[in-house]
There are 2 protein chains.
Amino acid sequence: MRATIREVARDAGVSPSTVSRALSMPDLVNPVTRERVLRAAQRLGYEPNRAARGLITGRTGNVGLIVPDLANPFFPSLVKGVQAKAREADYAVLLADTDEDPAAERDLLRVLAKQVDGLILCSPRGREEDIRALAATTTLVMVNRRVGKLPSVVFDNADGMRQAVAHLQALGHRRVGWVGGPRSSWSNRDRVRALQTATAAAGMELLVAGNFPPQFEGGIAAADLVIASGVTSVIAYNDLMALGLLDRLRNRGMDVPRDISVIGIDDIQMSAMSSPTLTTVSLTKEQAGRAAVDLLLALLEQPDGVRNVRRELPTQLLVRGSTGVARTD
Amino acid sequence: MRATIREVARDAGVSPSTVSRALSMPDLVNPVTRERVLRAAQRLGYEPNRAARGLITGRTGNVGLIVPDLANPFFPSLVKGVQAKAREADYAVLLADTDEDPAAERDLLRVLAKQVDGLILCSPRGREEDIRALAATTTLVMVNRRVGKLPSVVFDNADGMRQAVAHLQALGHRRVGWVGGPRSSWSNRDRVRALQTATAAAGMELLVAGNFPPQFEGGIAAADLVIASGVTSVIAYNDLMALGLLDRLRNRGMDVPRDISVIGIDDIQMSAMSSPTLTTVSLTKEQAGRAAVDLLLALLEQPDGVRNVRRELPTQLLVRGSTGVARTD
DNA sequence: CGGAAGTCTGAAACCGATTGCAGAACTCTG
DNA sequence: CAGAGTTCTGCAATCGGTTTCAGACTTCCG
């Protein structure tokens with residue numbers, strides 16, 4: 001059995017209230033009493049019961065994290081970041097995976113919302129009004145998506161796309177293809193838009209191949225369209241798709257990067273292991289997790305006092321083996 | 001503000017005790033009263049406060065899950081399984097990632113153990129006595145490791161290795177290399193042992209290349225040893241290493257599977273995306289997660305009444321592109 | 001019809017912390 | 001030295017449920 005505050009109090013010869021104060025508002029108690037209490041607590045291995053504390057303070061000490069699919073390599077990194085930062089602040093992380101299922105997501109949210117002080121939500125495709133409704137009742141931070149002025153952490157896709165386009169332009173490419181992810185995904189829309197702007201500014205031609213599932217298979221499916229479109233370079237919605245492209249392009253007898261250059265987005269582990277290795281717009285996923293927790297905790301501290309609730313993380317083009325000079329024939 | 005049990009009681013015209021009973025021990029209350037209570041609860045959107053309940057019952061409704069490194073693709077699948085099964089039983093999952101750091105692990109365990117009813121622990125390399133000590137104070141289930149008679153979920157490595165060896169033998173291989181993972185890892189030891197037995201039984205020669213970090217880089221590092229050893233086939237501790245092997249072998253000018261056959265273990269997503277695709281001993285990782293939760297909840301229900309606390313999950317060789325007939329020159 | 005057994009319900013204690021309030025002890029100040 | 005002001009501590013209420021216990025009311029049976 002774990003020690004209770006009463007036992008510590010008895011052991012230290014004070015009242016429970018004093019123990020409570022000595023531990024959570026140390027400057028309210030006399031230094032020598034405090035010392036005595038702390039020693040007693042130490043000796044008994046006392047740790048406050050979270051349920052009891054939560055009951056009166058109304059806080060759980062937990063944050064919830066909801067991701068659409070852990071099997072997508074983007075998310076484990078995010079989770080790691082959230083996890084690490086949360087622990088530093090002595091919060092525990094309740095993790096839930098919705099399996100890309102909106103109904104499951106709604107359920108999860110209902111259940112989870114009661115067990116946590118705040119939520120970090122990755123819901124690229126959930127309905128906006130659902131999210132707004134949720135935000136009205138819970139403190140939440142969105143990741144990889146913006147909904148109005150709600151707190152969020154996103155990546156600077158615009159700059160990422162600019163870098164990618166500049167890189168291709170420098171290599172002599174004039175026509176670039178886009179292999180899109182889910183039409184309904186916020187970041188997909190954000191990236192297309194950014195890419196349109198960037199290519200237009202660079203005087204390059206953009207050919208959109210359409211929308212595909214954001215997986216390896218999606219890239220495979222898109223490859224033939226890309227070849228047919230005659231572009232010399234292509235940017236994919238994410239690395240997984242870019243890797244699928246690579247695979248199918250090779251099977252079609254094309255040489256990357258001699259015949260065609262390929263750029264992904266995310267910088268997942270795998271992109272450094274493919275051959276050729278994948279040039280990609282690197283996202284600091286773990287940073288995003290940490291930033292989300294940061295923001296969430298700040299909001300919990302002072303619901304209105306946070307200046308900047310919409311954070312944008314930098315992106316960085318990572319040039320590897322899948323991009324090269326455009327063929328000139 | 002959420003409704004409390006008292007408000008429901010008032011609304012239904014009964015006492016709080018009756019509400020409590022109507023919800024958690026329905027057959028103790030008169031059907032018509034029960035109906036009235038349930039309707040009131042429904043109307044007010046009542047959901048019991050977990051902290052309050054936990055305070056008196058001593059249960060949190062949480063299970064803890066500790067993994068060494070989410071970035072290793074083995075674990076997200078496991079987490080998914082744990083997650084899904086836990087939710088079915090109305091438990092929440094507290095996730096922690098130790099970053100392969102034993103000190104962090106100890107800390108985490110201390111903190112987490114108090115917030116959960118039971119723990120699922122993947123600690124391939126933690127000290128046995130630490131684990132035993134923990135098991136004495138907490139209900140826990142180990143995954144991918146056996147420690148004495150403690151509850152655990154592991155894979156049938158012996159059979160997996162038998163299948164792999166039989167496959168290679170059928171392809172005419174006589175000499176097989178082993179690229180080991182961390183020496184201190186339980187499953188590494190289990191697999192080597194199984195492989196020794198299997199190759200001996202098949203009359204094949206086994207060459208152990210040593211121990212390497214269980215990552216892509218480990219496989220790269222091992223490749224040259226493998227080539228020098230002159231084996232025609234090689235089995236790696238896990239897929240990530242096998243993929244590293246593939247990469248380096250290719251760079252050394254070897255053709256897989258013509259010059260050498262490669263087999264991994266795990267069946268991670270990536271192994272279907274490499275070229276050649278990777279033949280591997282497939283582990284049902286999500287199943288393992290579910291099984292661990294199953295076992296844990298059973299133990300929580302009736303600490304002594306569980307017949308079989310050491311579960312072993314089947315393994316299945318998945319033949320893909322990286323294995324072929326042995327060269328005969 | 002009386003009493004035993006059974007069925008429901010409510011009052012109250014309790015889980016383990018936090019916190020408002022009040023009083024004790026001490027320090028200052030004029 | 002009286003009185004005001006500080007500083008520190010303890011009492012008791014409280015959070016929102018669960019559970020023990022006892023009592024009210026039925027039902028059943030001899």
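Predicted model, so just to flag it, every value in this text is computed and none were measured. Reckoned from all heavy atoms, side chains included, excluding hydrogens, waters and symmetry mates. First the proteins, then the strands, lettered A, B, ... as listed; each starts at 1.
- Residue-level contact check: A/Thr4 touches the backbone only, with heavy atoms under 4.0 Å from sugar-phosphate atoms and none from bases.
- Across the protein-nucleic acid pair, B/Arg6 atom CZ and D/dG16 atom P stand 8 Å apart, rounded to whole Å.
- Counting heavy-atom neighbours within 6.0 Å of A/Glu129 CD, excluding the residue itself, gives a total above 12.
- Between B/Met25 and B/Ala52, the one whose closest nucleotide on DNA chain D sits nearer the 5' end is B/Ala52.
- Under 4.0 angstrom from either OP1 or OP2 of D/dG17 there lies at least one side-chain N or O belonging to B/Tyr46.
- No side-chain heavy atom of A/Pro214 sits under 4.5 Å from any side-chain heavy atom of A/Ser185.
- Atom CG of A/Asn49 and atom C1' of D/dG16 are 14 Å apart (whole Å).
- One can place CG of B/Leu55 at 10 Å from C1' of D/dT18, the figure rounded to the nearest angstrom.
- Per the geometry, CZ belonging to A/Arg59 stands 16 Å off C1' belonging to D/dC15, to the nearest Å.
- Results of the side-chain contact (heavy atoms from CB on, under 4.5 Å) test with B/Leu119 over B/Leu134, B/Val63, B/Leu94, B/Leu65 single out B/Leu134 as the only residue that passes.
- You can see that DNA chain C meets the heavy atoms of chain B within a 4.0 Å-exclusive cut from C/dC8 to C/dG16, reading 5' to 3'.
- Counting any heavy atom pair closer than 4.0 Å across all strands shown, B/Arg50 reaches no nucleic acid atom.
- The nearest whole Å value for the distance from the CD1 atom in A/Ile56 to the C1' atom in D/dG17 is 14 Å.
- Under the side-chain contact (heavy atoms from CB on, under 4.5 Å) rule, B/Leu121 has a single partner from B/Val147, B/Val67, B/Ile66, which is B/Ile66.
- Atoms CD (A/Gln115) and P (D/dG17) sit 14 Å apart, rounded to a whole Å.
- With hydrogens and angles ignored, the 3.5 Å screen pairs no side-chain donor or acceptor of B/Arg290 with any backbone N or O of B/Ala84.
- Of the candidates A/Leu109, A/Asp107, A/Asp101, A/Leu109 is the only one forming a side-chain contact (heavy atoms from CB on, under 4.5 Å) with A/Glu105.
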Atom pairs, protein N/O to nucleotides 6-9 of chain D N/O, distance under 3.5 Å:
unit_1 : atom_1 : unit_2  : atom_2 : d
D/dT9  : OP1    : A/Thr33 : OG1    : 2.3
D/dT9  : OP2    : A/Asn30 : N      : 3.0

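- Within the 3.5 Å criterion, the main-chain N or O of B/Gly61 finds a donor-acceptor partner in the side chain of B/Asp117.
- A side-chain donor-acceptor contact under 3.5 Å links A/Ser152 and A/Arg146.
- In this structure, OG1 in B/Thr137 is found 9.0 Å from NZ in B/Lys114, a value given to the nearest 0.5 Å.
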